[in-house]
Amino acid sequence: MKNTGLIVVNLGSPNSYEVKDVRTYLRQFLMDERVIDAPYLIRKMIVEGFVLPFRPKKSAEAYRSVWMKEGSPLKVLTENFRQALKPLVEVPLSVAMRYGNPTPENAVQELEAQNPNLEEILIAPMYPHYAMSSYETAYLYIVEKIKSSRPHLKFKILQPFFDEQAYINSLSSSIVPYLEKQYDHLLFSYHGLPVRHLKKSDPTKKHCYQADQCCDVKSKAWDFCYKHQVIQTTKLVAGQLKIPVHKFSYSFQSRLGSDQWIKPYTDEQLKIFPRQGIKNLLVICPAFVSDCLETLEEIAIRGKESFIEAGGETFTAIPCLNSNLKWVETFTSYCNQAENNYKNLWAPG
């Protein structure tokens, strides 16, 4: 790994919480064909005609409510993660964002400044689960941008690690302190996706949402099935922590529009729980390894308000892994042992 570099890839954030910067960010994000998977002209009409005239102001207010003095939470926490990794990984390290800054070009230039003889890049999307609108678009974007300017470079891409034991250990250990206090239920709330995304990602084109009990019947589709993978993460963590079946569940947040999305919906569950006697709720969002607008504002602020208004008493949002020591050590081992113990986690680009 002498001439290898590592790029940690995350989603991205606006440059500020000002409406103009949020609008620029949302335009890039929503015009991604793997986010709104419609033909270009239809996508442009939706984004420019129905979203950008209204949503940037609302999103700017949401960003403002969680903005840190150093910048957006996602960027700050990703940078903290990079700093925690830096003395531990054996290769040059940089960060790139799928949307906004720093760009892939920035990331490669940073690696080249550390090692002018760079030959190979380890690309590590910070998503445990496969989804076309997160993991897939992140790694393909980085590969596309770097290949166009550095065709001589080789690549290896970190595969989804949703069921990798060291990751499960890290996630489980981050939850343990919260289980020591009295609680009624632990909700694993994952980023939501339209059902059509799962169908499009299914290489068999006949399993996801077509076969009965598709998440329980083994298929090649599982390698690309977000829903199956988040269910596995949930079961593995709950099993490791020995949480009784009636004290945990999973749901999906952040749906938009009227299309069919993966169920159950988090916002609906938060209103139902108090009527079921669940008054003291823990919520974790394992679709992300870094806290972001979605976890900090949608869940920890608005989700809490919804739950309390419905009759809940205590709502605790468990932080993402961020720079959790066990997670940093786990990720370090993925990178330092990419050629040996964790070779199966890295696919050639």
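Count residues from 1 along the sequence. Fair warning: this is a prediction, and the values are worked out from it, not measured in the lab.
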I'd like to know if the side chain of [X] pairs up with that of [Y] as donor and acceptor (distance under 3.5 Å, no hydrogens or angles considered).
X      : Y      : result
Glu119 : Thr4   : no
Ser290 : Asn322 : no
Gln182 : Asp184 : yes
Ser323 : Asn80  : no
Asn336 : Thr332 : no
Ser189 : Gln253 : yes
Gln165 : Asn169 : yes

Salt-bridged, [X] to [Y], with N to O below 4.0 Å?
X      : Y      : result
Glu70  : Lys75  : no
Glu105 : Arg150 : yes
Asp37  : Arg43  : no

Closest non-hydrogen atom pair between [X] and [Y], with its separation:
X      : Y      : result
Cys225 : Cys208 : SG-SG, 3.8 Å
Glu120 : Phe155 : CG-N, 4.5 Å
Cys215 : His228 : O-ND1, 3.2 Å

Contact check, side chains of [X] and [Y], non-hydrogen atoms, under 4.5 Å:
X      : Y      : value
Arg98  : Thr137 : yes
Asp32  : Ile36  : no
Tyr40  : Glu33  : no
Pro160 : Tyr226 : no
Trp67  : Leu293 : no
Val195 : Lys263 : no
Ile7   : Ile146 : yes
Ile301 : Glu305 : yes

Practice problem: Would you verify whether the NZ or CZ of Lys271 falls within 45 degrees of the ring axis of Phe307 while also being under 6.0 Å from that six-membered ring's centre? | Solution: no

Practice problem: Measure from the ring center of Phe81 to the ring center of Phe331 and say whether it is less than 6.0 Å. | Solution: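 Between Phe81 and Phe331, the centre distance is under 6.0 Å.
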
Same apolar cluster (I L V M F W Y, side chains within < 4.5 Å links), [X]/[Y]:
X      : Y      : result
Met97  : Met126 : yes
Tyr63  : Val51  : yes
Ile168 : Ile175 : yes

Exercise. Report the C-alpha distance between Tyr190 and His129 in whole Å, list the side-chain angles of each, state the deciding distance to 0.1 Å, and finish with yes or no for ring-ring contact (aromatic ring centres under 6.0 Å, His included).
Key: CA-CA 10 Å; Tyr190 295 91; His129 314 91; 5.7 Å; yes

Interatomic spacing from [atom1] in [X] to [atom2] in [Y] - rounded to 0.5 Å:
X      : Y      : atom1 : atom2 : answer
Leu77  : Leu321 : CG    : CG    : 11.5 Å
His152 : Leu118 : NE2   : CG    : 7.0 Å
His191 : Glu298 : NE2   : CD    : 9.0 Å
Asp223 : Asp202 : CG    : CG    : 11.0 Å
His207 : Gln210 : NE2   : CD    : 10.0 Å
Leu93  : Leu88  : CG    : CG    : 10.5 Å

Quiz prompt | Glu18 side-chain N/O to Lys20 backbone N/O, donor-acceptor pair under 3.5 Å | solution =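 Between the backbone of Lys20 and the side chain of Glu18 there is no qualifying donor-acceptor contact (under 3.5 Å).
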
Quiz item: Taking Asp291 for the side chain and Cys320 for the main chain, is one N or O donor matched with an acceptor at less than 3.5 Å?
Solution: yes

Practice problem: Any chance you could lay out the salt bridge (charged side-chain N to carboxylate O under 4.0 Å, His left out) test for Glu79 and Arg82, step after step, and finish with the verdict? | Solution: CA-CA 5 Å; Glu79 178 59 25; Arg82 189 250 285 266; 3.1 Å; yes

Within a radius of less than 6.0 Å around [atom1] of [X], do more than 12 heavy atoms belonging to other residues, nucleotides or ligands occur?
X      : atom1 : value
Arg55  : CZ    : no
Lys304 : NZ    : no
Lys86  : NZ    : no

Quiz item: Where do Asn117 and Asn3 land on the side-chain hydrogen bond (donor to acceptor under 3.5 Å, both in side chains) test, with the steps shown first?
Solution: CA-CA 6 Å; Asn117 299 315; Asn3 292 319; 4.8 Å; no

Self-check item: Working for ring-ring contact (aromatic ring centres under 6.0 Å, His included), residues His185 and Phe248
Solution: CA-CA 5 Å; His185 198 82; Phe248 76 90; 7.6 Å; no

Practice problem: Evaluate ring-ring contact (aromatic ring centres under 6.0 Å, His included) for Trp327 paired with Phe161, printing each intermediate quantity in order. | Solution: CA-CA 12 Å; Trp327 166 236; Phe161 44 88; 5.6 Å; yes

Quiz prompt | Check against side-chain hydrogen bond (donor to acceptor under 3.5 Å, both in side chains), Thr103 and Asn101 | solution = CA-CA 5 Å; Thr103 66; Asn101 297 301; 5.2 Å; no

Quiz item: Going through the distances and angles, do Tyr334 and Tyr167 end up as a ring-ring contact (aromatic ring centres under 6.0 Å, His included)?
Solution: CA-CA 10 Å; Tyr334 290 168; Tyr167 162 70; 8.2 Å; no

